[in-house]
Structures are given as C-alpha cells and as structure tokens.
Protein chains: 2
Amino acid sequence: MKEIKIGILGFGTVGVGVVEGIQKNGALMAERTGIYPVVAKIADLDITTDRGITVPDGVLTTDAMSVIADDQIDLIAELIGGTTVARTFMLEALKQGKPVVTANKALLAEHGAELYKVAQENKTGIYYEAAVGGGIPILLAQRTGLVGNQIESIYGILNGTCNYILTRMELEGLPFDEILADAQKLGYAETPPDLDIDGIDTAHKTTILASMAYGTPVPISVVATKGIRALSGQEISNADALGYRIKLLAIIKNKGGKVELSVEPTLVPKTHMTASVNDSFNAVFVKGDLVGDTMYYGRGAGSLPTGSAVIADLMEAAADQSNKVGAPVGIHMMLQKEAVEYCAAGAIEKCCYIRIVEGDLKEAATILKKHGIDTRLIEESTSIILTQKAKESAFVAAMKELNGAIRLRLENFE
Amino acid sequence: MKEIKIGILGFGTVGVGVVEGIQKNGALMAERTGIYPVVAKIADLDITTDRGITVPDGVLTTDAMSVIADDQIDLIAELIGGTTVARTFMLEALKQGKPVVTANKALLAEHGAELYKVAQENKTGIYYEAAVGGGIPILLAQRTGLVGNQIESIYGILNGTCNYILTRMELEGLPFDEILADAQKLGYAETPPDLDIDGIDTAHKTTILASMAYGTPVPISVVATKGIRALSGQEISNADALGYRIKLLAIIKNKGGKVELSVEPTLVPKTHMTASVNDSFNAVFVKGDLVGDTMYYGRGAGSLPTGSAVIADLMEAAADQSNKVGAPVGIHMMLQKEAVEYCAAGAIEKCCYIRIVEGDLKEAATILKKHGIDTRLIEESTSIILTQKAKESAFVAAMKELNGAIRLRLENFE
C-alpha cells in the first residue's frame, strides 16, 4: 500500500481535527483509496500545550521551513491562518512543487491570484475545500459535480458565528450584544469579532465561491459587504410578522456575464430552505443552468468538521500526485482568462425592507418614488415599507432623505 | 485541446438532457477541464422521433453494439434503463475496457456486484452519480468529500414522484389516488407507478448509497421496504397536528458495524430539514463521524438535472482515462471485503405512530406493552399512540392484535 507523508503547519483547532481524524480513520481511508495517510510532521510555535491527542515522538517541531524542505514529505497542510507567515510558507511549499491543502479563506481571498500563479508555474496544486463552508464539500460539488453547468446564482450562509447570533436573537428575543458576549464566552466568536460580525469573513468566502464559479480570481473590493452589527430585535420581529427570517446572506448572481456579489443581512421567506438553516450551520445554494436549484448544508466550522474537509483534500491531492496529475480541476478554473465582469455595488438591483423612523410613510413612499423606487407593501402599524427592485445607488440616495430609517435587503428568490 | 468521444446508448429523457447540456456548455466544460466532450454516436431503437434537439448527420444509429465496438469512442453512457439489454451493453463495454457512465439504479442494485467485478477485471470504471438523487452530486460528496468519515447514518428523500404526491396531499388535502392520476397525466409518475409508489425505486437507491458508504455491494433483499400506497389524508393531518410531516424516507444506520436499511413512510418533525423538502425535490442527509450532519438537496429527476450528473461523470471518466487512472475512488469502495453486516428487518429498532381503529387506546397500550413496546404519547381525540423505540418484529406481532390499526414509522433524529 502506498503511503503519503503529510506535513502539517499549524496545530490549532483545525490542525488537531485533521490529526485526530487521521488517527481515527486512516486505515479506512487507505482501504477506500489505496493510499495510507501518515502525519509525518507537525509544526507550531507552541508544541507544549496539551491538545488532548497524542502524537509519536519526533513529529512535533517549531520549524515550519524544515517541514516544507523535508524530502520525505509529500504534501503540506497550511492550517495556520492569517495572511503573513501562512503566505510565506505556502509560497515556499508551492515553489518546491509540493501541493498545499489549506483552510485559509483570508489568504486565498487576498492573495489567491498570486498563489494560483505560483502553483501553476511549479506544476502543483492548491486544495481549499475547508476554506468555505467548513465540512461541507461545496467546492467539490461546484468544480466537479456541477462542471457542466453555467452557475446562475449562489446564496450562502457562510458564517456560523453570525448565524448562531441571528438564530438566538430570533428564538430567544435577546439583544445582539448579549448573544455576542455569550458566543465569545463559548468560543463561537473571536475577540475582537469584527471579521465575522462585519461580514468580512463571509466576503472572503464569497470571492472564493465566485472564482470557482467563473474561473477567475475575484478581488475582495468588488463584494458589497454589510455586517449584522446594527441589527435590532425589532427588525427580527418585524421580519417574523411579515413571514421572513433575517440571515447574513452572500449573494452571487450572474446576469448575462455581469456578476453581482454582495454580503448583507437579508430577509428571506420562511418557506425558503435558507430560513431553516439554524445555529452555527452553514448552507450554500447553487443554481446551475442544467441542474436547477441545489443546496449543500453542514457545519461551517469546528475541529473535526473542518478537519474532514482538509482530509478530503489531502486524499485528493495524494491521488493526484500518485497519478502524476499536476493540478486538480479547480486550478484550471482559477486560471481561465476573465470571462465575466463584476458589477459595481451601486448598480446591483435588489428589493429592500425599510423601517421609517421619522416622518410618515406616505411621505417616505414619495421620496422613494422620486428616486425611482416603487413600493410593494406599506404597513402602517410597524412603519415598514417593502420595495420593488431598484438599484443600490437609488436606495443610498433615498436613505439620505429618510432620517434614521433602517434598511435591509429583501430576497424573494424569484 | 484533448477531445473525448462519447457514445450514448438510449436517447430518452436523460440522453436528450446529456446531449442538450453538452451542446450548450461543451466549450465551458473544455475551458474548465482541458477536455472537450464530443457526442460521437447516439444509439436508440427509435431514431426518428423529434426530441427537440438537432444532432449532426451520422450520429444517430440503431446499432448499440457498433457504438460500443467503435474504436473512435472513448466512453459509453448507458442511458437505456431497465435490467435486460442495458446489462448486456454495459458488460460488453466494460469487457472492451471502456468506462461506462450510467443513471441506471435498478441495474446497479440488482447486478452491481457482477458489473463492478467485470469493470475491475478490465481495469475500467463505472460512474453512476445520476443513479441516486438525479442532479445532486451526492455520491461524489460521499466518496470524495467525506472520504475521511465513517458514515453513521443516511436519511434520504430519493423518489421525486412520492415526494410530489405527499407534498400535494399535505398542502391540498386531496386523496392519494387523485394526485397520482394527476402526476401520471403530467408525466411525473410512470404507468404503472409501482416502482415509485411501492418504494422499490427508493430501495434501489438505498442499496447504492449503502454500498458506497460501507464498501460492499448490498443485496436489495436486506432493505425493509414499504411504499406510500396505503397512506390516507387522515394520517397526513394527524401528523400535521402532532408537529410532523410524512415523507417516504430511506434510512440507513450503522450501529457498531451492523447496518440497518429501510424504506418506509415516516413521520419527521416539522423543524427537521427533511420536512422542508417539497414537491419533486430530493435530499440526502449524511452523518459522518468527523463532519457531523450534512445535507445535499436538488432535483431528483428530469432531463437536464439528471443530464448534469451524467455530464459530471463523463468529464471525470474522461479525466481518469486521460490520466491513465483505471478506476475512480468509487470502485475501490465497492470492492472492499465485506466489513459490515446487515440487520434483518425484524431486528430494526424504531419508534412508531399507530392509529387505533378498533377498541380503546388503553387496551391497545396494554397489547403494545405486552410485546415490550412502551408508549410516549396517547392522544384520545385522534386515537393515536406514539411509541418508544422497539423492534420491528415486536410491532409486527402487536399489530396482529390491533385490528385494522395503521402504523407508520416515527423518526425524531435523536
């Protein structure tokens, strides 16, 4: 039986999950694939803290570069996170022609184009299933399962922390700050929580999904991003009364070669499956021109779920290497010449929920109309207007005249 | 650019979807994978009926064997269906070392062991994503995305016709027969509808999911199968009042190496995501020991959705062939030595919903108790008992004493 020797960089939550998963199921993986995964080296600055698992003597090291340079090591798993040393190590591994598996969405979102190029030049691959949707095999589904499809739209609940907070706000009626503090105490949210709460983590993942769909690196700057910090319980209960739930939704739509990307808190109908995605779960809806609507659901974070995705990539990378396939399908997709344009945030058309705080609703409707925005529902009792579709730039202009009004996106999946 | 020449056997609904999909998106697939798919030959007994698409002169033929024998043809797509000529053609293609892509669940369920063996002997592969869940890349997710996981359980809504009928019974309150007749008129249900309605199609797909999960062909006889023919509107509305919906559910559970397989109409809590899968959609829940709960959702049938899955397999088979990889991961999984045992139907433990038709509830509860079945809820107004977990054999014995009582499975996903 062929063995594959893995060097792991970063022995944090995900690194531990990978090692634990391989210890538990390595023999099963070998039986399934004909390749036995061996964790040969693990590099971390801290090699003394107890992680609750035992590794053989000599496996742990503080010297990541020596792991990358080790001739015995076939594959590198970059599980450090961040965009500084992780980038350095990843570039070095690729330059040595070693495939790299990573869960690092920030690094791919910010330096993807550079990394893919270096991978290609060195005839090797980058595998990054774990970077989006944790344990959900969403990128595999997209690049392999839907390879015959033009991707028309993607809707994603991609940040477990935000979804956990929104679910508890809805079910328990507690205020945002209180649940956030609780989530931090439970280790569900980072301190500071900005990357999650402000939608930046979701935006990173959105660029990765879009690059996979359209075959070209997507600059993070084209994603119009709003977080959930300003959400109040009032919006949650108003949405509920209208038959909606609020989700932080990544939305990617391809309109005839012009692609819209945004991340914003969005009212979704309770009858749509997105509304049923609760707690820290993630889900990605992908609509292809042949397959129609599909959805992929699972844990978006956590040691073993994310480890499961990293392990799948390791086994695929090992198979590719053993078959002398320089780079997987995903790489091809990331290096197509740009076939689509990205839409400016202001030009994205959407419906909105607007709660009027000052002045009366008729007046507000008149202001909206002046900016070309028609209304579809006006509800006096809660001071709410649901609008027809209009450009983001029109909403921005109108909001300047609607003092203190609260605006959220409304998505009816029509 | 490398071309791959495809021979299609069967120009029915799925065959047309494959050809239409390749005509529409062939160039995109080539850009993504580096391989250009070409439909070189299409064999069908009827090559005159208009299918709404145009193919070049010389592509259509009535001689399937000549397509298989054609040296120019790299890959065969078996899209005829059934277990007679489809089997002959598939065996012949495999014997010639040609990979076969198929959507034929009945053939795989009934002759899988033979076919996998011949494929292995001839160092080629069988690809069958389209055989389960239509366009949903569920087998890909299972064999590649979850390759590091022991599969603990699978819950599947795998038959679009049954789910369509159950959804309409629930939403419109119409009787089974009327909706079935309607579904047949609309082309959603076959005539006769037995394979769908009696759960046999779902059982076929259940064996394929289980063989993928546990690495060994699963005889259809181990799947305890009940269909939806006997379901009345009364059960649907009782379930609704209790907070449940009724779904025809494939259930696969691995209990310490002993695997339970069943297909039966099942009450699922409205809060569980299975309950939100409506109309002709399919969904598969897979629980892995590392990844936890995952779900895959999409169209379980139809020309283009199923075509999408066949196309994904064709591109993967083409890549494997081009990389001189004899057989995909899936094949390995199907040829492991048997590592699990299958549980007899009578030994499967489950909770049940029982509607008592004759006699009083206390008496019924006493009869159940006598057979070792405890109750969890007794509802006088509707004559319903929800039970605790007990063996199927106990339920069968008790039901003999509960004249005319109606019994359904109850699954709380605990």
Side-chain angles (χ1 to χ4, degrees), chain A residues 17 20-22 24-25 28-29 31-34 37 129 134-137 140-141 143-150 215 271 273 275-277 281 283 285 288-299 302 304-305 307-309 311-312 314-316 319-320 323-325 329 332-333 336 339, chain B residues 17 20-22 24-25 28-29 31-34 37 129 134-137 140-141 143-150 215 271 273 275-277 281 283 285 288-299 302 304-305 307-309 311-312 314-316 319-320 323-325 329 332-333 336 339:
Chain A
E20 195 179 336
I22 291 175
K24 191 172 183 206
N25 295 337
L28 177 67
M29 297 172 210
E31 202 179 339
R32 285 175 173 169
T33 65
E129 182 63 69
I136 310 168
L140 175 71
R143 71 182 149 90
T144 305
L146 306 185
V147 68
N149 288 259
Q150 295 182 43
T271 49
M273 287 192 83
S276 309
V277 178
F281 276 91
F285 284 72
D289 64 338
L290 307 182
V291 77
D293 287 321
T294 63
M295 189 190 83
Y296 312 87
Y297 166 93
R299 296 223 166 262
L304 289 173
S308 169
I311 286 170
L314 287 168
M315 299 312 289
E316 193 181 347
D320 285 345
N323 298 326
K324 313 228 183 309
V325 181
V329 172
H332 290 289
M333 297 183 70
Q336 290 168 44
Chain B
E20 196 178 334
I22 291 176
K24 191 173 181 206
N25 295 337
L28 176 67
M29 297 173 211
E31 202 180 339
R32 286 175 173 169
T33 64
E129 182 62 71
I136 309 169
L140 175 71
R143 71 182 149 90
T144 304
L146 307 185
V147 71
N149 288 260
Q150 293 183 44
T271 50
M273 287 192 82
S276 308
V277 177
F281 276 92
F285 283 72
D289 65 338
L290 307 182
V291 77
D293 287 321
T294 62
M295 188 191 84
Y296 312 86
Y297 165 93
R299 296 224 165 262
L304 288 173
S308 169
I311 286 170
L314 288 168
M315 298 312 289
E316 192 180 349
D320 285 345
N323 298 326
K324 314 231 181 307
V325 181
V329 173
H332 290 288
M333 297 184 71
Q336 291 169 43

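All values below were derived from every heavy atom in this structure, side-chain atoms included, with hydrogens, water molecules and symmetry-related copies excluded. In what follows, chains carry the letters A, B, and so on, assigned in the order in which the sequence lines appear, proteins first and then strands, with residues in each chain numbered from 1.
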Peer 1: Considering all heavy atoms of both residues, which atom of A/Gly145 and which atom of B/Pro137 are nearest to each other, and what is their separation?
Peer 2: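 Looking at all heavy atoms of both residues, the closest pair is CA-CB, 3.9 Å.
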Peer 1: State, to 0.1 Å, how close B/Ser308 and A/Val291 come at their nearest heavy-atom pair, and which atoms those are.
Peer 2: OG-CB, 3.6 Å
Peer 1: Report the option among B/Met273, B/Arg299, B/Met29, B/Glu20 that has the most heavy-atom pairs separated by less than 4.5 Å from atoms of chain A.
Peer 2: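 Between B/Met273, B/Arg299, B/Met29, B/Glu20, the count favours B/Met273.
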Peer 1: Could you have a look at B/Thr271, B/Leu304, B/Leu314 and say which one has the most heavy-atom pairs with chain A under 4.5 angstrom?
Peer 2: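 Among B/Thr271, B/Leu304, B/Leu314, the one with the most close pairs to chain A is B/Leu304.
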Peer 1: With respect to chain B, which residue among A/Val277, A/Thr294, A/Asn149 yields the maximal number of heavy-atom pairs within a distance under 4.5 Å?
Peer 2: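 Top count of heavy-atom pairs under 4.5 Å with chain B: A/Asn149.
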Peer 1: Taking every non-hydrogen pair under 4.5 Å, which of A/Ala275, A/Gly148, A/Ala141 racks up the most with chain B?
Peer 2: A/Gly148
Peer 1: So, taking the atom named CZ in B/Arg143 and the one named OG1 in A/Thr33, what distance separates them when rounded to the nearest 0.5 Å?
Peer 2: 13.0 Å
Peer 1: What distance do A/Leu146 atom CG and B/Leu140 atom CG have between them, rounded to the nearest 0.5 Å?
Peer 2: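 Going from the CG atom of A/Leu146 to the CG atom of B/Leu140 covers 9.0 Å.
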Peer 1: How long is the span from the OH atom in B/Tyr296 to the CD1 atom in A/Ile136, to the nearest 0.5 Å?
Peer 2: 8.0 Å
Peer 1: Of the non-hydrogen atoms in A/Leu28 and B/Gln150, which two are nearest, and what is the gap between them?
Peer 2: CD2-CG, 3.6 Å
Peer 1: Examine whether an atom of B/Glu129 lies under 4.5 Å from a heavy atom of chain A, and if so say whether it belongs to the side chain, the backbone or both; otherwise answer neither.
Peer 2: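 When you check distances to chain A, no heavy atom of B/Glu129 falls under 4.5 Å.
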Peer 1: When heavy-atom pairs shorter than 4.5 Å are enumerated against chain B, which of A/Ala309, A/Ser276, A/Gly135, A/Ala283 gives the highest number?
Peer 2: A/Ser276
Peer 1: Tell me the closest heavy-atom pair linking A/Asp289 and B/Lys24, and the distance in Å.
Peer 2: OD2-NZ, 2.9 Å
Peer 1: So which part of B/Met315 gets closer than 4.5 Å to some heavy atom of chain A, the side chain, the backbone, both or neither?
Peer 2: side chain
